[in-house]
Amino acid sequence: MTTIEQTPDQGTDKQTHGFQAEVRDLLQLMIHSLYSHKEIFLRELISNASDANDRLRFAAIADPGLLSTDPDLQITVEADPKTGTVTIRDNGIGMTRDEAVANLGTIARSGTAQFFRSLSGDQQKASQLIGQFGVGFYSAFIVSDRVEVESRKAGTPDAEGVHWESRADGDFTVETITRAERGTTVRLHLKEDAKEFADGFRLRSLIRRYSDHIGFPVRMRKEGEASLEYETVNQAKALWTLPRTEIKDEEYTQFYQHLAHDFTDPLTWSHNKVEGKREYTSLLYIPGRAPFDLWQRDAARGLKLYVRRVFIMDDAEQFLPLYLRFVKGVVDSSDLPLNVSRELLQQEPEVEAIRNGLTKRVLDMLARIAKDESTKYATFWKEFGAVLKEGVGQDYANRAALLSLLRFASTHDASNEPTVSFAQYVERMKPGQDRIYFVIAESLDAARSSPYIERLKERGLEVLLLAERIDEWVMGQIDEFEGKRLKDAARGDLDLGGLETEADKKQHDDELKESKGLLKRVKDAVGDRIEEVRVSSRLKDSPACLALGEHDMGANMRRILSATGQKVPETKPALELNVGHPLVKYLEGVTDEGQFNEFAQVLYEQAALAEGSQLANPAQFVQRLNRLLVRLAGVQPGAAA
C-alpha cells in the first residue's frame, strides 16, 4: 500500500507505505519474544552504523572524494531524558530515498547487495560492498514506539536526504528532506518502560559492554548537562588486532555476538596471528547453535574479510570449505590487494594458502574440544555433525582429521547418543576382528533392532548405528580406519574374517547342503524380484532378510531419490533365510505349492519391510498375511461370527 500527500514546508512528496508481510510478523516477534535483554537494540544499531562506515571507507578507495569533506569516520550516541529519545548517528555511506524504502521496509534486504546488482563489468568485480539494514534494525522497536531515520547518501548532490518514520503499526512514511550531513541518523522515541535507556550513564556502560570492539570511535557528550564536548566511549580498536593476553573471554563473546548477530554464546574460538612468508590474523568462532539457513547451500556464508584493517567484504566464502560454512569470524590479511573482489579471490594464490591454514585451524579447534570438553563437542555434533560429514568426501587433504572427528551411536551404549569415535571402536575390537561393522536405517531405533546385526550382537561385536540422510553417501567414501576395513552389515556376505571358526564354516556348509531344495522352491515362488536365495549367516531371531550387493544403492538413498522425483536404479537383492528359524522349518514342510508360494512371498515382503523398503502392493501383503494366520490358527473363515 502506498499513499502520497504534499508536504508544504519541504515541497516534496510524502508517501505512506505498508511493510512487507514478513516484516510485520518479524516486528511482533522482535517486540515480544526474540531478545531476552532489551539493551541488545543498542548493539545492533551501533553495529549497523559501523557497517555503514566500513562501506564508505571501502568505496573511498576508488573515489577519495567521498571522504574529503568529513574524513574522520565515527559513531555518535546521544540521550535526551527530557524528550525520552536516543539517537545513533554515523557519517558513513548513507541511503537514498529509494534505498530507505527498500532496505527498511523489507526484511533482511541488503542495501549493498542491491547496489552491487546495479553495477556491471569491471566496476562490478571491484565493488563487493557489504552492509545490511536487516533484522538488526528492527530491534529498535523493542524499546521504541516510534523510530525516525534520516539519511543522505555519500556523493549525493544538493544535500538531498530522506526521512523515514514508523510506529511499527504496519506502515511507514518516507519523504525527501534537506540534509547537509552525510550518513544516517536513527532516532528512537522510547516506550515508557524503556526510558532507562535515555540515561547517559546507562548507555555508556552498554556501549562498553557490547560495542567496545567496534573499529570506529563511538562518541557521547561528556558528563554534565551543559557540556558540548564529546568523548570516545569505546576502545575503538578492532578486537582481533589486540594481543590475546589483553582480551577477556567476555570480550571475545561480545565480539562474536556483534559479528554473528547472535545473542547466544559461541562454543569456542581460536585467535591467531600468522607471520613469515605470508601474514594474516584470524579470529574464528564455532557457534553454539545452528542457524536456520544452515542447509541452504547458496545462503550467505564465509568470514568477514579485512585487508590491512580495511573492511573488504562480509561473506568471503573462499577462505573456508563448504562443509565448514557454520564457522563465523574475521580474517585480516596483509598480502591481498585492497581492491580485491570475489573473482580475484578465486584466482589469488595467497587465498588458497590462507584457506588451507584456516581449515586446519578449525579442525584443530574441534579436535581440542572433542578431546578435552566432551560435553561441548556433543553439543557441536548435535548442531553441526551432519554438515561436517560432508567434508569426508570433499576434503581429501584433511580426511584423517575429519575421520577422527566423526561420532556415532553404537550397540556398545544403550542410548542413541552419537558419542563413539572410530578410535574408540577400534580400541574395543575383539581379538581377531578386522572389520568395523555398521548398519544404516531410517532411525537409530530401527538400526538398533535391525535383523542384519543379530548374529553380530550375539557374538558381542560392536556395531555403529547410522540414520541420517547423508550417512550412506558418507560411509561409501570411507574404505578403512587405521587399517581396519569398514563393513556394511546389510551388504554382501557378512564376512566375519578372522572371527569365523572352522565350526562356523562346517555348520554353514551343512545347512546349505540340507536346504538346497528349499532355496530353489523359494526362488521359484518369489521370482525375479530377487537375485538369489541363500542360507544366512547374519540372522539369529528373524526368519529372513534382504542383502544388497556390495555396490548396490541402499534403501535410504533410494527413498531420498524417489522423494525428489528422480529415477531410482533397479537393484535385485539376495533373500537370505535363517534355516534354523521355526517359520522357515514350517515352510519347508508345506507340500501344497499354492500355500508354499504364498508363505514364501510373505517372508520376502516381511524382509523388505525390515530393510525399510516400500511394498508395491501393501494391501496384497496384508491379505496374504491374514490368510496365513487363519491357517496357522486352524480357524475356518467366518467361524468367529
Side-chain angles (χ1 to χ4, degrees), residues 249-250 252-257 259-272 282-297 299-304 317 319-331 355 357-395 398-410 412-413 415-425 438 444 464-471 473-475 477-478 481:
D249 286 355
E250 183 182 1
Y252 277 121
T253 297
Q254 290 166 4
F255 182 68
Y256 164 77
Q257 292 172 340
L259 187 74
H261 295 279
D262 184 0
F263 46 86
T264 63
D265 293 347
L267 273 182
T268 189
W269 58 83
S270 176
H271 184 189
N272 290 278
S282 65
L283 176 51
L284 307 174
Y285 290 92
I286 305 296
R289 62 174 187 171
F292 71 94
D293 58 353
L294 180 66
W295 294 103
Q296 296 177 15
R297 294 169 69 91
R301 64 180 181 87
L303 305 177
K304 203 176 185 83
E317 60 190 31
F319 290 95
L320 285 173
L322 184 62
Y323 71 88
L324 294 180
R325 58 186 175 273
F326 52 85
V327 176
K328 303 295 183 183
V330 170
V331 58
R355 174 190 172 101
L358 294 180
T359 299
K360 291 183 184 300
R361 183 70 59 188
V362 173
L363 297 180
D364 287 346
M365 186 170 25
L366 293 175
R368 177 181 57 78
I369 63 170
K371 179 183 177 183
D372 301 331
E373 301 177 88
S374 58
T375 302
K376 272 190 180 181
Y377 193 74
T379 300
F380 163 78
W381 189 258
K382 179 181 177 182
E383 298 292 326
F384 304 109
V387 180
L388 191 71
K389 288 178 183 178
E390 296 175 9
V392 172
Q394 295 174 358
D395 189 355
N398 291 298
R399 189 183 185 85
L402 284 163
L403 291 183
S404 69
L405 292 171
L406 299 182
R407 294 294 182 269
F408 307 92
S410 146
H412 179 76
D413 187 349
S415 77
N416 283 337
E417 295 300 318
T419 59
V420 177
S421 67
F422 276 135
Q424 289 171 324
Y425 183 102
F438 68 92
L444 290 176
L464 301 178
L465 310 174
L466 299 96
E468 291 183 324
R469 299 181 115 198
I470 195 175
D471 284 336
W473 177 82
V474 171
M475 301 308 277
Q477 308 296 315
I478 309 172
F481 179 82

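The model shown is predicted, which means the values in this text are computed figures rather than measured ones.
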Distance col, row Asp364:CG vs Arg361:CZ, nearest 0.5 angstrom, shows 6.5 Å
Between Glu390 and Ile470, which heavy-atom pair has the shortest distance, and what is it? CG-CD1, 3.5 Å
So, using side chain to side chain donor-acceptor pair (under 3.5 Å) as the criterion, who are the partners of Thr359 when residues are at least two apart? none
If I take atom CD from residue Glu417 and atom NZ from residue Lys382, how far apart are they, to the nearest 0.5 angstrom? 8.0 Å
Quick one: do Ser282 and His271 satisfy side chain to side chain contact (heavy atoms under 4.5 Å, CB included)? Show the steps, please. CA-CA 6 Å; Ser282 65; His271 184 189; over 6 Å; no
Identify which one of Trp381, Phe438, Phe422 satisfies the ring pair (Phe, Tyr, Trp, His ring centres under 6.0 Å) criterion when paired with Phe408. Phe422
If every non-hydrogen atom of Tyr285 is compared with every non-hydrogen atom of Tyr252, which pair is closest and at what distance? OH-O, 2.7 Å
If every non-hydrogen atom of Leu464 is compared with every non-hydrogen atom of Ser410, which pair is closest and at what distance? CD2-CB, 4.2 Å
Grab the two heavy atoms, one from Pro266 and one from Thr253, that are nearest each other, plus how far apart they are. CD-CG2, 3.9 Å
Leu284 side, atom CG; Met365 side, atom CE - distance, nearest 0.5 Å: 5.0 Å
Results of ring pair (Phe, Tyr, Trp, His ring centres under 6.0 Å) for Phe380 - residues two or more places apart only: Phe326, Tyr377, Phe384
Close side-chain approach of Leu303 to Leu358, heavy-atom, < 4.5 Å: yes
Is any side-chain heavy atom of Arg355 closer than 4.5 Å to a side-chain heavy atom of Pro321? yes
Residue pair Leu388 / Leu324, side-chain heavy-atom distance below 4.5 Å: yes
Any side-chain heavy atom of Asp262 sitting closer than 4.5 Å to one from Arg289? yes
Within the structure provided, determine whether Lys389 and Asp471 are in side-chain contact (heavy-atom separation under 4.5 Å). yes
Assess the side chains of Arg368 and Ser270: does a donor N or O sit below 3.5 Å from an acceptor N or O? no
Any heavy-atom pair between the side chains of Thr379 and Leu267 that's under 4.5 Å? yes
Would you check, one step at a time, whether the test side chain to side chain contact (heavy atoms under 4.5 Å, CB included) holds for Leu294 with Glu383? CA-CA 10 Å; Leu294 180 66; Glu383 298 292 326; over 6 Å; no
I'd like to check His412 versus Gln424 (side-chain heavy atoms, cut-off strictly below 4.5 Å). Are they in contact? no
Between Asp265 and Tyr256, is any side-chain donor less than 3.5 angstrom from a side-chain acceptor? no
So how far is it from Arg301 CZ to Leu320 CG, rounded to the nearest 0.5 Å? 8.0 Å
One pair to check against side chain to side chain contact (heavy atoms under 4.5 Å, CB included): Leu259 and Leu283. What are the steps and the verdict? CA-CA 11 Å; Leu259 187 74; Leu283 176 51; over 6 Å; no
Are there more than 12 heavy atoms of other residues, nucleotides or ligands under 6.0 Å from atom CD of Glu250? no
Start with the C-alpha gap between Val362 and Ile286, add the side-chain angles, then the distance that decides, and say whether side chain to side chain contact (heavy atoms under 4.5 Å, CB included) holds. CA-CA 8 Å; Val362 173; Ile286 305 296; 4.2 Å; yes
Identify, with sequence neighbours excluded, every residue that meets side chain to side chain donor-acceptor pair (under 3.5 Å) alongside Lys328. none
Provide the closest heavy-atom pair for Ser421 versus Arg407 in the form atom of the first, atom of the second, distance. CB-NH1, 3.3 Å
